> 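I have a structure here, written as structure tokens, and I will follow up with some questions on it.
Labels below follow one simple rule: chain letters A, B, ... track the order of the sequence lines, proteins then strands, and each chain is numbered from 1. None of the values given here were measured: they were computed from a predicted structure.
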Amino acid sequence: GDGGDPASTGDSLNLTADCLHYDPTAGVTTDTIKLGTSLPLTGALAIPGTFHFGLEAYLATVNAEGGVNGRKIELTVLDDGYDPAKTATNVNELVNRDKVFGIVGILGTATALAVQQDLQDNCVPNLFIQTGAPVVADPAQTWSQIQFPTYSLEAQALAQRAINAGVKSVSIISQNDAFGKAYVDALVSPLKDAGVTVGTQVTYDPGAPSVETQITQLAADGADAVFIAALGTKCPQILNGIKSSRWNPLLLSVNFCTSRGLLGLLEDGAGDDMIGTTWYKSPTDPQFAQDGALAAYREALAKYSPAADPDEDFVLDGWLVGQLLVDVLKSAETLDRASVMRAAHEANLHVDTMLDGVRFAAAGTTEPIGQVQLRRYDSASKTFLFIDPKSGDDLPAGKTSLIIRGTNPSADVREPSASGAPRPSDGKP
Amino acid sequence: MLALQLLVDGVGKGAIYAALALAIVVAHRSTGLINFAQGEFATLSAMLTVALTGLGLGVWPALAVAAAASFAAGALIQVVIVRPAMRRDLVPVVIMIGLYVCANAIGQLTFGQNPRPLEGLFPAGGLVFGGIRVQWSLIGVILLQAVVITALTLFFVRTKIGLGFRAVATAPEASRVAGIPVERMHMIGWGIAAALGAVAGVSLTNLGVYVESHMMTTVLVYSLAAVTIGGFDSALGAIVGGAIMGVVESLVTGLVPGVSGDVGILVSLTIIVLILLSRPQGLFGRERVARV
Amino acid sequence: MAGLNLLTGFTGQVSVGHSAFFGIGAYVTGVLIVHAGVPMTAAIIAGTLSGGIAGALFGIPSLRIKGTHLAIVTLVLAASLPAVLSTFSEITGGTEGLRVPRITPPRGSFLAADQTRYYVVLGALLLVVLGVFMLDRSRTGRALRALGDNEIAAVTYGVRPMRLRIGVFAASSTITALAGALFAVTSGFISSTTSYMTIVGSIVFLTALVIGGRALLAGPLAGAAIAELLPAQISRYSPEWANFAYGAILIALLLLAPGGISSLRFRRRRSHPAPHVLPAPLQQEETPHDTDDTRDQAQPTTRIG
Amino acid sequence: MLRVERLSLAFRGVQALRDVTFEVAAGGVTALIGPNGAGKTTMFNCISRILTPDSGALSLDGIDLIGVRASRLPELGVARTFQHAALFPSLDVRGNVRIGADVARHASRPALPVDETLELLRLSADASRSTEGLPLGTKKRVELARALASGPHLLLLDEPAGGLTHEEVGEMRDTLLAVKERLGLTILLVEHHVQMVMSMSSHVVVMSSGEVIADGAPSDVRSDPRVISAYLGS
Amino acid sequence: MPLVPLLDVDNLHARYGQARVLHGVSLTVSPGEVVVLLGANGAGKTTLLRAITGHVERTGSIKFAGTDITRASPAAIVSLGLVQVPEGRGTFADLTVQENLRLGAYTRRVTAAALALEISEIVERFPILGERAGQRAGLLSGGEQQMLAIGRALLARPRLLVLDEPSLGLAPTVTRAVFDTLRELHDEQGLSLLVVEQNADLSLGIADRAYVLEAGEIQVDGPAAAIRDDAGLRRAYLGY
Ligand SMILES: Nc1ncnc2c1ncn2[C@@H]1O[C@H](COP(=O)(O)OP(=O)(O)OP(=O)(O)O)[C@@H](O)[C@H]1O
Ligand SMILES: Nc1ncnc2c1ncn2[C@@H]1O[C@H](COP(=O)(O)OP(=O)(O)OP(=O)(O)O)[C@@H](O)[C@H]1O
Ligand SMILES: CC(C)C[C@H](N)C(=O)O
Ligand SMILES: [Mg+2]
Ligand SMILES: [Mg+2]
């Protein structure tokens with residue numbers, strides 16, 4: 001069949017105009033909606049890949065309660081081992097063989113890029129891509145949508161913290177790929193604008209066994225702060241290395257370094273006071289120990305994905321994506337691809353696993369989540385404490401102080417409207 | 001000063017490459033095969049060591065037990081899987097790729113995805129002289145490797161069985177004629193290599209690497225390169241090859257402006273091509289005999 | 001589709017680095033189209049040729065470095081490609097990758113886009129297979145095998161190792177680069193993390209070659225199909241076990257049919273133990289990839305009587 | 001036809017050739033004999049340019065061979081066999097012989113057609129067999145066939161009769177002599193089968209420890225006391 | 001002929017994959033006996049020796065010194081004292097001459113000193129091996145390698161030595177020396193021999209008995225002297 005979508009109703013967005021092929025209701029039957037995803041279940045990025053456990057658990061919960069408008073959601077999960085060619089094969093199979101309605105939660109930048117255009121051409125929804133790389137958030141790609149706050153936002157938030165802390169120089173260690181580069185690009189100019197020297201910049205190969213040479217180079221420079229854009233065990237290696245080099249910079253790290261599993265690998269005292277960001281309720285954060293949303297999450301996970309580690313941030317993220325997805329599907333006018341995609345573009349959602357004040361607000365932007373919270377790692381208690389972006393002081397438990405995209409970050413810090421009293425997560429603003 | 005510290009870092013890197021390289025050399029010396037799965041075997045051994053320390057064993061005894069278990073597993077795999085495939089040239093290579101994939105999968109299945117640290121074999125901390133830091137663990141690992149090479153060299157060069165291993169690796173047919181039990185030697189050779197893999201895996205954890213299923217993926221490539229530089233049959237060559245790569249890589253990436261750490265592999269490629277062009281058999285390797 | 005391998009069989013030397021040439025073919029093609037606006041056909045040709053030239057250049061050290069040593073050098077070469085790509089990420093896109101326009105059907109064609117791609121790739125494959133097949137039966141093919149068996153004796157019978165080695169390296173990398181170029185314009189996206197550009201790619205190529213059995217044309221194709229499709233199928237049902245099963249099946253296949261799949265059907269006299277063509281993963285509708293190859297002399301891993 | 005002048009070659013510690021001088025006359029059979037390790041095979045390796053002598057001169061029909069690459073020798077009409085049959089196991093028997101024929105075609109010299117060569121050496125039945133696992137005697141014949149198929153002027157034979165029975169030795173000798181006539185060959189023969197040497201060669205050069213110790217007609221050489229003590233025994 | 005043979009081969013079949021080469025060969029070697037095996041090119045002589053020493057797929061029965069070795073591994077067979085000198089160069093090309101010789105005694109327990117003494121005895125017989133002691137075996141001349149192979153086999157202290165074309169590549173003087181050595185060992189130490197040798201005059205000269213193999217089957221079996229002296233047999237099977 002070919003494009004026979006009812007022209008978009010008064011919306012500026014004409015989704016189906018350029019479809020090479022448009023099958024509006026593929027994968028939808030009277031009682032099911034088929035969705036698919038491709039992510040690394042094996043290989044070096046298998047931990048982020050555990051994302052799917054949370055997603056599956058949420059969908060199972062919803063299905064048990066009757067599904068979305070009476071339809072159960074079936075999710076097919078394929079392993080791509082973070083190989084873009086494999087992602088392409090998987091997605092091709094999902095769309096052409098399994099006839100899924102849409103793709104949800106492709107994980108990673110290169111993997112997403114490998115399938116983005118194809119899904120665009122065939123007008124298949126490509127929702128909640130698990131990346132924050134600005135390059136994926138391309139306005140021309142109307143059939144896809146990223147989910148993470150962009151890496152630039154995260155980098156700018158950390159840059160802001162460095163500036164507010166009064167550092168004179170910042171060194172950078174980053175992974176030698178798009179992921180690392182996205183952060184570095186976003187970091188450098190705000191720092192320079194604020195008169196902070198950007199010192200030694202080093203990169204490492206994710207496969208290399210050690211990063212000692214890089215640490216030695218950074219330590220020789222001895223900057224006041226260091227920005228760490230790393231993944232996996234490179235994070236503790238870097239932090240341990242910095243500690244034993246007897247250099248004592250302000251540590252600024254990307255969100256991916258701050259999972260509890262990785263921090264558990266640190267040597268005593270390493271990583272102390274490291275600043276990171278977050279935007280959802282980390283399952284290991286003691287201030288959310290009694291949180292109702294997390295309790296529901298843990299309960300469902302134990303029931304539907306017992307193999308998963310409930311303390312893993314990526315698993316919670318999967319759950320969170322499940323919440324967003326169901327909301328989007330429910331808010332779609334009809335269950336056809338264009339309507340769902342349109343609903344995703346119009347979404348303005350807050351779900352209970354997000355921090356207060358964080359919203360998935362897609363209207364008019366390709367970067368739906370625009371808020372992050374800074375936090376500090378306390379190595380003695382092995383926990384994170386939310387901090388005030390300006391002063392760097394710890395915030396009282398339950399309180400957030402978000403950094404919001406789009407405005408000069410140094411000025412634009414606002415107290416969230418509510419704390420402790422989550423707003424209902426509804427589909428319409 | 002910076003250069004000296006980078007040198008020490010390079011030696012550390014080299015020790016990582018050398019650890020696995022030693023196991024590769026032993027397997028080659030006794031069976032004539034390059035075992036592509038050696039790295040994954042070492043990973044499994046390291047995982048086993050972690051599991052054993054989890055049971056309350058000290059790290060040294062755990063290593064000893066893991067090495068013994070690895071010996072048995074290596075020998076068993078040789079008998080059951082590798083031996084039947086030895087006859088045709090490329091088949092063993094792919095068999096070993098199969099082993100690689102399986103071993104990696106077993107690691108993921110049994111150990112899970114979460115990296116884990118292993119308690120050090122050597123005291124924490126290190127020496128500082130003139131501002132240069134040297135970790136005790138690096139010194140310890142290098143001493144451990146020195147012991148291993150000495151033992152291996154004595155074994156291969158001085159003992160009758162060692163001579164038998166060399167014979168079997170280079171000329172299995174002639175070995176049979178001379179009454180050397182070729183199959184058993186291959187089996188033992190793989191066992192020893194696997195046991196050394198356990199030592200390699202645990203050495204790595206002492207050099208800052210965490211135990212996880214892909215800990216050896218890249219190390220294997222570097223170790224193979226180290227073995228190539230040193231010569232496939234020389235334990236000393238493995239160490240020297242590893243050290244050359246580690247040190248040159250560290251100095252080049254640390255001191256040459258514009259060359260950053262992520263292109264270490266290119267530096268290694270250049271080194272090995274240059275070395276092999278002048279000595280095609282590797283620094284400590286012997287050329288194969290060919291005459292008509 | 002498939003790429004091909006000349007060398008393994010002919011000259012017996014294993015190159016585990018052909019993903020590098022695959023990558024060169026793919027990137028030269030992709031970069032020319034994207035950044036220089038070169039027409040697709042010209043870009044494919046340029047990509048293919050540059051792979052060949054790179055192969056020839058790399059063939060020069062191979063004159064001196066042989067056997068397992070060369071195999072490992074090619075392995076390290078393969079491992080270096082991603083680093084090179086990310087070093088020049090301005091034009092290559094690095095891990096972010098490069099989106100390449102894909103082959104589209106000519107105006108008025110009755111074929112759908114993916115069918116067009118499929119037939120283009122299939123056509124190229126057939127040409128290459130034919131070429132390799134003819135080479136194998138030619139004087140050059142004989143010379144290559146002789147060189148692989150016994151260099152000294154071959155030289156005595158007029159075989160010129162230098163020319164042949166470089167030539168064969170160039171030819172095999174040209175074919176591999178062609179596969180890369182076609183991959184770029186059929187898959188539409190290339191990135192330094194794409195497995196065919198990494199060592200994994202080299203391994204897949206080699207595996208396809210061996211499981212298929214080198215001796216027969218059909219073998220490598222079947223091998224490619226199995227190496228590629230089997231894991232995908234298992235992965236669907238049990239992703240965690242897929243890799244294990246893949247490795248185990250690989251081992252089992254080789255133990256049961258050491259001559260490759262093709263040997264299960266045909267019992268060939270041992271007169272042609274060596275081979276040639278090589279395969280590549282056969283993937284879903286369109287995509288091509290691959291190849292590998294190898295060559296040269298004597299026991300790649302050693303063994304001398 | 002072939003002149004060897006004061007050729008010397010030392011390997012580490014072993015003087016394999018020392019001032020070796022002799023000539024091979026066109027159209028004849030010259031035998032090169034001597035004790036084990038005398039340097040006969042080494043001499044062959046120098047002529048076929050696998051080895052380069054340390055000093056001395058080598059010329060073929062006036063062409064200086066020292067400057068010629070090994071792979072060009074077949075074009076000049078030099079073919080050889082190897083003491084330990086050096087066949088190509090990845091080719092069948094016919095393929096091995098065709099390698100020789102490829103050279104002949106290239107040099108556009110008259111040569112025996114492949115099939116005829118196979119026939120002549122009783123290899124037709126084994127033509128499509130792998131050379132691996134051939135009996136020793138058969139390997140020797142394949143070696144010879146490969147060399148003959150290349151249409152040589154000068155044929156260097158390194159122990160062609162090794163491992164053959166009496167009958168087979170005689171047969172090989174007859175074959176060689178017949179082909180020699182037909183193609184106008186010159187033969188340089190290394191062989192320990194004294195009977196074969198004496199019965200087919202026109203000229204014998206005897207080497208020992210890298211040096212020529214006798215050079216002359218078979219009957220003279222045979223009775224030379226130095227040859228008897230170094231090689232033939234009583 | 002004593003009642004209990006040292007080697008007793010009965011109805012032996014051997015094949016390489018699909019190719020059957022031996023079709024029910026029976027043969028014996030008594031203690032202290034020298035037996036020669038003759039036959040044309042391709043008759044299966046090498047195959048027979050390799051089958052006896054465990055290097056080829058085989059069925060039937062092979063007993064050595066009372067032990068059934070039909071299924072024994074080559075290594076086990078060597079340690080029983082049944083040692084082979086293979087056809088062609090069976091040396092360890094990459095190891096030195098000295099190491100090759102040491103490997104000859106691999107299956108025996110001897111002290112280093114005793115082994116050194118034995119090696120020096122071998123070197124006395126083949127002085128060139130002494131001169132080339134440190135050279136790698138693959139670089140030796142053809143004849144030198146053959147001497148090395150024989151020397152190495154002797155160091156295994158065999159009870160039955162099986163030789164496949166021992167004179168291959170040897171100069172006439174050396175061939176004679178080898179046969180003299182064999183006879184000497186036979187006479188002094190009661191070494192038994194099973195020899196495949198194309199030089200029929202020479203081999204029949206030292207042999208007690210001979211077998212003629214043709215197309216994988218034994219055609220003639222008898223005292224060596226009888227075969228040598230029977231012109232008809234000679235012409236039919238030996239070609240002269
Ligand atoms: N590449 C080499 N390195 C060292 N020594 C060598 C080499 N090649 C030959 N030799 C030595 O040179 C001498 C001559 O060897 P060559 O093979 O020419 O002898 P030959 O006359 O052919 O003997 P045979 O009749 O036994 O074949 C031998 O002593 C041998 O050990
Ligand atoms: N490895 C092998 N594979 C296949 N066939 C083989 C193999 N070895 C020997 N044969 C075959 O077995 C038969 C007997 O060969 P064998 O080598 O035993 O003969 P032989 O009597 O020793 O001959 P020669 O005197 O020439 O050495 C021959 O037809 C040969 O082709
Ligand atoms: C950890 C992953 C979710 C990030 C990924 N490497 C990316 O490219 O965005
Ligand atoms: Mg010789
Ligand atoms: Mg024989």
> Would you mind checking which part of A/Thr76 comes under 4.5 Å of any heavy atom in chain C, side chain (CB onward), backbone (N, CA, C, O), both or neither?
side chain
> Can you tell me how far apart CG (A/Asp138) and CZ (C/Arg99) are? Round to the nearest 0.5 Å.
7.0 Å
> In Å and rounded to the nearest 0.5 Å, what is the CZ to OG1 distance from C/Phe189 to A/Thr111?
8.0 Å
> Other residues, nucleotides and ligands only: do more than 12 of their heavy atoms fall within 6.0 Å of CG on A/Asp185?
yes
> At what distance, to the nearest 0.5 angstrom, does OG of C/Ser192 lie from CG of A/Asn176?
8.0 Å
> For the CG atom of A/Asp177 and the CG atom of C/Leu85, what is their distance to the nearest 0.5 Å?
12.5 Å
